[in-house]
2 protein chains.
Amino acid sequence: MPDRARRIPEATVARLPVYLRSLAELLDEKESTVSSERLAEMAGVNAAKVRKDLSYLGSYGTRGVGYDVEYLLFQMSRELGLTHDWPVVIMGAGNLGQALANYGGFTERGFPVAALIDADPDKVGRQYHGVQVHHVDELPRLAEEKGIAIGIIATPASAAQAVADQLLEAGIRSILNFAPAVITVPPEASLRKVDLALELQILSFYQQHAPDPAR
Amino acid sequence: MPDRARRIPEATVARLPVYLRSLAELLDEKESTVSSERLAEMAGVNAAKVRKDLSYLGSYGTRGVGYDVEYLLFQMSRELGLTHDWPVVIMGAGNLGQALANYGGFTERGFPVAALIDADPDKVGRQYHGVQVHHVDELPRLAEEKGIAIGIIATPASAAQAVADQLLEAGIRSILNFAPAVITVPPEASLRKVDLALELQILSFYQQHAPDPAR
DNA sequence: ACGACTTTGTGAACGTGTGCACTAGCGGGG
DNA sequence: CCCCGCTAGTGCACACGTTCACAAAGTCGT
């Protein structure tokens, strides 16, 4: 890595996967190059933003032409660390955990579900969609053996922080939290959250404050 | 509405549900008042931010004391439009749609699932977790009859934009999109998105760029 | 009644992110 | 070979969001 001086802004990082998806579509359509304007339209953003975002990755475009779809796709995959699979572990084999294990979208996109973890002894040993349920004590061993670097929290809110701590303990420092609870992690760890009720409540706010209260 | 001069920033709106949850916890613990500092800790943010955010709702605190938990809870619920239920419709009765219908968390938090919609005639008429599957043609009627104001898109990416258009057509202007696709809506509509693979890819980026490449 | 203490509400500085508008540079046609 | 058109890359101004620091305003004990 020659110069890692240029730090990529968080907002840009969050958009990279959207560009990636657009590029994959373009490749499907056998488009060999794409302009920032086209890519912007597909990603639902401003063209200047696309150019600035891509410039953080390097100068991969050609003036007067655009970006080479395949090359940019490769470079971006590399930057996002998507050149190999990232096995994930799902914490909590309840409703949500089972649904996530059952959801094929993860494996398909390079995040195979390596294991489910649950505290309930009745669930340990069972399988959901081909994924084995293990006891939490086995987490460190599994993490090591299967090279798990990402943990998904699908427990009730009350258990979320404890489960996060267990993940960190097992050396897993990237966490995706589905539980409706605030959890804190040390600065060297990454945390993202998905809260369905929260999203609906935000929609409710804007619905409530809509100019024309339709219903 | 006397003065609606003070517009609430988007970033603040996104935090209100987190405060709301914290306040509900405090009420459970029979705490009658709470300081901005305590609330900040529970919500995982800075105390000054809490005060500024709450100040957009009005001057509901008492200097030297803090905020009255019950009163603030009420005011915030009112502001978020959570004083009544918001029935939702789930578009797409596939894997994800079924899982969402099955997930009790929505109803519990005031967003009952009023209907599932699917294009597949084999699925129409079936029930999942007590929720009836209807054909898309019935959407306008259902929306009207059941007072549905929020639509959840749980279709494949390829159908997402068309389904969003159908929702808008039926007068539903608040949309939560689970499909991994960019969709556009007119400015009077609200759109939020939840993309699981995208979140994992962001985690992958930071994992890739971690100071100590653990594994 | 007053002073010490606590905590809110907010002005102001700062940092991050966005978008315009311009420059730099490449490709293609004559 | 040169000029024209097109598009990437980027400096700059602006908007938005965050955080600090402090004054205002209340409580509580004496």
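Residue numbers begin at 1 in each chain, while the letters A, B, ... track the order of the sequences.
When side chains are defined from C-beta on, B:Ile152 counts as touching B:Phe106, because their heavy atoms get closer than 4.5 Å. For the pair B:Lys193 and B:Val182, the minimum side-chain heavy-atom distance is 4.5 Å or more.
When the shell of 6.0 Å around CD of A:Glu145 is examined, it contains more than 12 heavy atoms from other residues, nucleotides or ligands. Around atom CD of A:Glu188, more than 12 heavy atoms belonging to other residues, nucleotides or ligands sit under 6.0 Å away.
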- What's the verdict on side chain to side chain donor-acceptor pair (under 3.5 Å) for B:Glu79 and A:His209, showing C-alpha distance, side-chain angles and the deciding distance? CA-CA 9 Å; B:Glu79 194 74 25; A:His209 293 77; 3.1 Å; yes

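Here C:dG15 presents its P atom at 16 Å from NZ of B:Lys49, a figure rounded to the nearest Å. Atom pair A:Asn46:CG and D:dA8:C1' shows a separation of 14 Å (rounding to whole Å applied). One can place CG of A:Asp53 at 13 Å from C1' of C:dT16, the figure rounded to the nearest angstrom. Here the C1' atom of nucleotide D:dA8 and the CG atom of A:Leu57 are 14 Å apart, to the nearest Å.
For B:Asp195 and A:Arg109, the salt-bridge test fails: no basic side-chain N is under 4.0 Å from an acidic carboxylate O.
For the segment residues 10-19 of chain A, the set of residues with a heavy atom within less than 4.0 Å of an atom of DNA chain D is empty.
Between A:His84 and A:Trp86, the ring planes lie tilted relative to each other; the angle falls in the 30° to 60° range.
Between the side chain of A:Arg15 and the backbone N or O of A:Asp53, no donor-acceptor pair lies under 3.5 Å.
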- Task: Report, as a single string ordered 5' to 3', how protein heavy atoms within less than 4.0 Å touch nucleotides 1-11 of chain C: B base, S sugar-phosphate only, - not at all.
- Result: -----BBBBBB

